[in-house]
*Asks:* 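Please read through the structure below; I'll follow up with questions.
In the text below, chain A, chain B and the rest are named by the order of the sequence lines, each starting its count at 1.
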Amino acid sequence: MRLPDLAKALELAARKLGAEDGFEVHLTRPQNPAHGDLATNLAMLLAGRLSQPPQEVAQALVAELDLAALSLEKAEVAGPGFINFSIRPELLREGLRQIAKEDHEYGRATSGAGRRVNVEFVSANPTGPLHVGHGRGAAIGDAIARLLACTGHDVDREFYVNDAGAQIEKLVDSIAARYLQLRGEDEPVPEGGYHGEYVAELAREVEEQLGERIGTVWGAKERELVRDHALDRLMAEQKEDLRALRIEFDTFTSERSLYDSGAIDAMLESLESKELLYRSEGAVWVATSRFGDDKDRVLVKSDGSYTYFLPDITYHRDKAARGFNTAIDIWGADHHSYVKRMQSVLEGLGHGPDFFEVVLVQLIRVERGGEEVKLSKRAGDFVTLRDLVEEVGADVTRYFFLERRPQQQMVFDLDLALERSEKNPVYKIQYALARLRSIYRRAGIEAGEIDLDVDLSPLGIQRELDVIKKLLDYPEVVEAAAGDREPHQVAGYLEGLASEVNSWYHAGNRDKSLRVLGVEPPLQSARLVLSRATEIVLRNGLELLGLDTPDRM
RNA sequence: GGCCCUGUAGCUCAGGCGGAUAGAGCAGCGGUUUCCUAAACCGAAGGUCGCAGGUUCGAGUCCUGCCAGGGCCGCCA
């Protein structure tokens with residue numbers, strides 16, 4: 001839990017002892033319960049500066065503190081010079097009451113107030129169905145957006161539709177080949193084209209719906225008709241898959257629209273006016289190497305066409321123009337080399353290093369029975385995100401993607417994902433929530449009816465205090481996870497809390513005096529508040545990760 | 001050849017800004033069990049933190065080198 005007053009008091013004490021600026025007070029949660037609730041290494045940091053042994057500095061610091069005013073039970077100097085603080089249980093109990101009263105607001109913060117953030121993720125080429133790898137980026141992007149919103153940021157979720165360029169043309173070529181095959185012509189799918197069954201399906205649709213209009217000879221008009229049809233269909237499919245994962249976007253920006261609006265040509269002029277462009281070997285280059293990139297990059301090829309980089313620059317510049325303070329992109333690790341060049345050109349255009357961020361998401365490997373599931377279409381195996389969600393459900397899919405650091409290559413264990421027991425961490429957390437809610441049901445009361453203004457002093461056994469301390473950590477966890485763009489910190493916290501809660505709950509199975517219900521009325525009332533606060537934190541955390549919050553399992 | 005990610009228990013992974021005895025889940029081992037939800041619980045065990053140096057009062061954490069796995073180095077997207 002946070003004790004801003006203690007940090008401030010320590011800083012004052014340090015100054016009193018003669019420490020100048022340039023030190024920071026860090027309070028940490030010791031792993032060893034014998035080391036109290038909070039600890040600081042401040043004395044060790046100051047020892048050299050004050051030329052005194054750390055233990056003596058620690059003693060002097062403690063002497064400056066008014067423990068009672070800080071709601072501390074004691075402050076002990078230990079080990080090489082740590083100061084260990086024990087919090088008075090009353091402070092914990094009042095904190096608990098606050099949690100229950102704040103309800104849905106508990107864990108929300110205002111640190112991001114006034115900041116507009118654009119989170120761009122998925123942005124898959126609209127040339128086929130989403131695969132499992134897209135799912136990880138989708139889950140992480142969505143969770144980061146939720147974290148930022150929870151900490152007060154004004155968040156927009158955005159999907160960049162690459163509906164221009166060579167890949168789309170290849171898709172049209174592939175559909176054309178299938179289409180002509182349907183008409184009895186011997187036309188192979190071109191090299192580098194798309195071979196999936198969905199391409200043949202699209203060709204059939206084109207034949208049925210547009211066959212009259214486009215015949216067998218495809219010019220620009222016909223291609224455009226087919227392209228529009230394919231884009232509509234494939235984007236609709238992708239959106240549906242994402243919706244099944246509980247992901248919705250606020251904005252879809254089309255690459256094509258950047259061409260149509262003239263924004264890309266304007267971008268070239270803008271770069272020119274900033275003297276970032278030059279011609280060489282018949283192409284137009286942008287001097288990204290001036291801003292840290294390995295080398296300069298081509299924007300206009302020698303044949304006059306544009307590289308992908310140019311619209312992408314235009315697009316990111318547009319995010320700034322739309323008023324976002326920060327643009328966070330979630331990219332697959334295979335795009336890693338692209339980060340530097342984008343940062344470089346944005347810096348060249350005058351955007352500070354804080355404007356553009358990339359979260360790189362590593363590739364995943366799917367295993368079943370200890371064997372890798374190949375991402376090829378085979379009977380019984382799946383390849384698409386849709387197949388995965390249908391097999392294990394949205395909760396498990398999301399959680400498994402969110403419980404690991406984004407930059408960690410991960411194994412998606414299908415056997416564990418399909419496990420419907422507490423071996424599966426998602427169920428463990430949801431189970432803890434359901435158990436608490438079952439207590440209210442058993443007592444015949446609604447959660448909202450629990451009296452929060454009762455005397456909490458009956459709460460005092462260690463197991464209860466441990467749960468309370470854990471609950472009071474939640475806001476810090478949310479802030480840290482949002483700041484680091486790491487949803488897995490929340491997942492790890494919830495798993496730990498669920499363990500603690502289940503252990504607390506099960507103690508009541510062995511010893512009836514440890515139960516919530518059926519003990520002395522004052523104790524029962526106090527424990528109902530504990531149950532309620534715990535349920536609130538579990539629920540808020542699950543919602544923050546976009547997971548279901550079941551009343552019963 | 002260069003760049004990025006990763007290397008921690010048998011397996012999958014956590015380990016704020018350097019801090020005290022390195023944690024969790026799964027598997028394995030021993031025990032308990034009809035409960036306010038047993039779709040379990042309790043307990044013990046399990047470690048050269050890839051290797052070697054360095055910085056520091058103190059290194060899983062910072063620096064250097066090396067090894068291993070993955071990814072990327074295009075006028076593709």
*Asks:* With a 4.0 Å cutoff (strictly under), does any side-chain N or O of R510(A) reach OP1 or OP2 of C41(B)?
*Replies:* no
*Asks:* Base, sugar-phosphate, or nothing: which does Y505(A) touch, judged by heavy atoms less than 4.0 Å apart?
*Replies:* base
*Asks:* For T307(A), which contact category applies under a 4.0 Å heavy-atom criterion: base, sugar-phosphate, or nothing?
*Replies:* sugar-phosphate
*Asks:* Within the 4.0 Å heavy-atom criterion, would you say A39(A) contacts the bases, only the backbone, or no part of the nucleic acid?
*Replies:*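 It contacts base atoms.
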*Asks:* So, are R532(A) and E535(A) salt-bridged, with charged N and O less than 4.0 Å apart?
*Replies:* yes
*Asks:* Just to be sure I understand the rule, does D551(A) reach a base, reach only the sugar-phosphate, or reach nothing, if contact means heavy atoms closer than 4.0 Å?
*Replies:* base
*Asks:* Between K470(A) and D466(A), does any side-chain N to carboxylate O distance fall below 4.0 Å?
*Replies:*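 Answer for the salt bridge query: no.
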*Asks:* Name the nucleic acid region contacted by N84(A), choosing base, sugar-phosphate or nothing; use a 4.0 angstrom heavy-atom cut-off, strictly under.
*Replies:* base
*Asks:* Looking for any heavy atom pair under 4.0 Å, which part of the strands does N41(A) touch: base, sugar-phosphate only, or nothing?
*Replies:*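 N41(A): base contact, heavy atoms under 4.0 Å.
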*Asks:* Can you confirm whether more than 12 heavy atoms, excluding those of R290(A), are under 6.0 Å from its CZ atom?
*Replies:* yes
*Asks:* Heavy atoms under 4.0 Å, any strand shown: does S438(A) hit a base, just sugar-phosphate, or nothing?
*Replies:*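 Contact class for S438(A): base.
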*Asks:* Please report, rounded to the nearest Å, how far the C1' atom of C73(B) is from the CG atom of D296(A).
*Replies:*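 Distance check: D296(A) CG to C73(B) C1' gives 16 Å.
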*Asks:* Would K319(A) and E120(A) pass as an ion pair if we require N to O under 4.0 Å?
*Replies:* yes
*Asks:* Please determine, by modelled atom types, if D395(A) and Q430(A) share a side-chain donor-acceptor pair under 3.5 angstrom.
*Replies:*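 Checked: D395(A)/Q430(A) side chains pair up, N/O donor to acceptor below 3.5 Å.
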*Asks:* Would you please determine if the base of A14(B) is stacked by H488(A), with stacking meaning a centroid separation under 5.5 angstrom and planes under 30 degrees?
*Replies:* no
*Asks:* Determine the interatomic distance between P on A22(B) and the same-named atom on A59(B); round to the nearest Å.
*Replies:*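 So the two P atoms sit 13 Å from each other.
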*Asks:* Quantified in whole Å, what is the C1' atom distance between nucleotide U8(B) and nucleotide C49(B)?
*Replies:* 4 Å
*Asks:* Between D551(A) and R437(A), does any NZ, NE, NH1 or NH2 come within less than 4.0 Å of an OD or OE carboxylate oxygen?
*Replies:* yes
*Asks:* Among I264(A), V284(A), V298(A), whose side-chain contact (heavy atoms from CB on, under 4.5 Å) with Y306(A) holds?
*Replies:* I264(A)
*Asks:* In the structure I gave you, are the side-chain heavy atoms of V426(A) and F400(A) within less than 4.5 Å of one another anywhere?
*Replies:*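 Side-chain contact under 4.5 Å: yes.
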*Asks:* Salt bridge or not for R223(A) and D173(A), using N-O below 4.0 Å?
*Replies:* yes
*Asks:* For atom P, what is the distance between A20(B) and G60(B), given to the nearest Å?
*Replies:* 9 Å
*Asks:* Does the side-chain ring of F82(A) lie flat on the base of A20(B), meaning centres under 5.5 Å and planes less than 30 degrees apart?
*Replies:* yes
*Asks:* Got a list of protein N/O to nucleotides 29-32 of chain B N/O distances below 3.5 Å?
*Replies:*
none

*Asks:* Charged N to carboxylate O below 4.0 Å: is that the case for E391(A) and R368(A)?
*Replies:* yes
*Asks:* What does L299(A) touch in the nucleic acid at a heavy-atom separation under 4.0 angstrom: a base, only the sugar-phosphate, or nothing?
*Replies:*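 The answer is nothing, as L299(A) stays clear of every strand by at least 4.0 Å.
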*Asks:* Say we look at G71(B) and G18(B): how far apart would their C1' atoms be, to the nearest angstrom?
*Replies:*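 These two C1' atoms come out 30 Å apart once rounded.
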*Asks:* Can you list the stems that include RNA chain B, where a stem is three or more consecutive Watson-Crick or G-U pairs with distances under 3.5 Å?
*Replies:* B:1-7 with B:67-73, B:10-13 with B:23-26, B:29-32 with B:40-43, B:50-54 with B:62-66
*Asks:* At under 4.0 Å between heavy atoms, what does R297(A) touch on the DNA or RNA strands: base, sugar-phosphate, or nothing?
*Replies:* nothing
*Asks:* Tell me the interatomic distance from D303(A), atom CG, to G74(B), atom C1', rounded to whole angstroms.
*Replies:*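 For the pair D303(A) CG and G74(B) C1', the rounded distance is 14 Å.
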*Asks:* Would you mind classifying the nucleic acid contact of M410(A) as base, sugar-phosphate or nothing, using non-hydrogen atoms under 4.0 angstrom?
*Replies:* sugar-phosphate
